[in-house]
2 protein chains.
Amino acid sequence: MKIGELSKATGTNIETIRYYERIGLLPAPLRTNANYRSYGDAHRTRLSFVRHSRDLGFTIEEIRSLLDLSDHPDRDCGDADRIASAHLEQVEAKIDQLSALRDELTRIVGRCRGGLAGDCRVIEALGDHGQCSRAH
Amino acid sequence: MKIGELSKATGTNIETIRYYERIGLLPAPLRTNANYRSYGDAHRTRLSFVRHSRDLGFTIEEIRSLLDLSDHPDRDCGDADRIASAHLEQVEAKIDQLSALRDELTRIVGRCRGGLAGDCRVIEALGDHGQCSRAH
DNA sequence: TATGCACCCTGTAGCAACTACAGGGTCAAG
DNA sequence: CTTGACCCTGTAGTTGCTACAGGGTGCATA
């Protein structure tokens with residue numbers, strides 16, 4: 001299959017596919033006589049793995065490690081679990097942080113009563129961290 | 001005050017202060033004879049506003065608009081409210097998205113029973129989006 | 001007076017993970 | 001034989017910084 005078809009099959013931008021190849025995340029495929037990339041099912045599977053992992057927020061380097069494990073079924077899978085667990089912790093931390101932001105923003109936004117910028121509580125609150133109800 | 005003092009006073013990296021000046025977020029300060037930047041209270045206030053807004057996740061462009069309003073107290077503050085409200089919505093959307101990720105990751109991580117990568121449910125789940133319980 | 005050290009300057013390059021061209025080649029249909 | 005959709009490489013842009021390299025300044029100490 002050509003790159004455009006792989007792109008549609010996996011929902012990945014063509015430029016992104018070439019980018020993944022350039023950074024060594026996807027193996028370089030065979031080429032046709034016209035120098036077009038020619039992909040097989042293994043490529044599609046691997047790219048789906050990458051996209052799914054990216055959608056779940058794993059970094060490229062994490063995915064590299066996960067792919068490496070996936071390429072070596074005889075290895076211990078503890079690493080995969082550690083990577084995923086660490087990532088889960090990061091996601092949870094990010095959720096906590098964003099929740100604090102949401103609370104602060106809600107408080108700030110709720111104070112706007114319209115009128116002139118000179119009297120705006122939103123702008124005032126942004127200038128004065130001391131008004132915040134908790135750390136963020 | 002010199003750039004190092006402003007840096008300490010606001011908890012902002014020196015390079016970041018110079019960066020903000022370069023992109024026009026902070027006005028260029030006066031210079032000493034030795035060509036050192038010399039800041040006053042107005043700079044410190046403005047930089048605090050910027051840092052606080054960044055901490056709350058506003059983009060540089062949003063901050064530019066907020067600063068512009070802050071510089072023109074006679075304008076209507078509806079824009080400030082709209083920027084903050086839109087940002088709040090984005091934060092809430094991001095929280096929802098991350099919560100879905102957390103659920104999916106929890107499900108995936110929970111399935112690892114140790115052993116070989118070839119049998120690893122984590123790696124299997126990453127390769128197969130169809131196993132996901134909901135959109136993410 | 002010399003010299004060390006902390007601080008400051010400019011300009012450029014790097015990070016993540018893409019995305020967007022510019023400038024060209026290939027191929028099938030009409 | 002030309003039009004249009006597709007493909008190629010290579011480079012530069014995005015966001016918000018951060019990290020040098022290679023130099024100048026200013027103050028205290030030997």
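Source: prediction; values computed, not measured. Below, chains carry the letters A, B, ... as their sequence lines are ordered, and counting in each starts from 1.
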Would [X] and [Y] pass as an ion pair if we require N to O under 4.0 Å?
| X | Y | answer |
| --- | --- | --- |
| K2(A) | E5(A) | no |
| D71(B) | R46(B) | yes |
| R64(A) | E61(A) | yes |
| E21(B) | R18(B) | no |

Which nucleotide in the set [options] lies at the smallest distance from any side-chain heavy atom of [X]?
| X | options | answer |
| --- | --- | --- |
| R22(A) | dT19(C), dT18(D), dG16(D) | dT19(C) |
| A34(B) | dC17(D), dG26(D), dC8(C) | dG26(D) |
| I60(B) | dC7(D), dG16(D), dC18(C) | dG16(D) |
| R31(B) | dC7(D), dA20(C), dT10(C) | dT10(C) |
| T59(A) | dG16(D), dA17(C), dT19(C) | dA17(C) |
| I3(B) | dA17(C), dA19(D), dC8(C) | dC8(C) |

[X] [atom1] to [N] [atom2]: how many Å, rounded?
| X | N | atom1 | atom2 | result |
| --- | --- | --- | --- | --- |
| K2(A) | dA28(C) | NZ | P | 8 Å |
| E61(B) | dC17(D) | CD | P | 12 Å |
| N35(A) | dG10(D) | CG | C1' | 14 Å |
| M1(A) | dC6(D) | CE | P | 16 Å |
| R51(A) | dA17(C) | CZ | P | 11 Å |
| Y19(B) | dA13(C) | OH | C1' | 15 Å |
| I23(A) | dA17(C) | CD1 | P | 8 Å |
| I17(B) | dG16(D) | CD1 | C1' | 15 Å |

CZ-OH distance between R54(A) and Y20(A), expressed to the nearest 0.5 angstrom: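 Reported value, rounded in 0.5 Å steps: 5.5 Å.
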dT10(C) phosphate, OP1 or OP2, under 4.0 Å from R18(B) side-chain N/O: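 No, no such contact exists.
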Sugar-phosphate only, base, or nothing, as touched by F58(A) at under 4.0 Å among non-hydrogen atoms: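 No contact at all - F58(A) keeps every heavy atom at 4.0 Å or more from the nucleic acid.
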Touch class at under 4.0 angstrom, heavy-atom based, for R37(B) against every strand present: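 Answer is sugar-phosphate: R37(B) comes under 4.0 Å of backbone atoms only.
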Closest-nucleotide ordering on DNA chain C, the 5'-leading residue of T32(A) and T16(A):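 On the 5' side of the pair lies T16(A).
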Check: Y36(B) side chain, dG24(D) base, donor-acceptor under 3.5 Å: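 Result: at least one qualifying N/O pair found.
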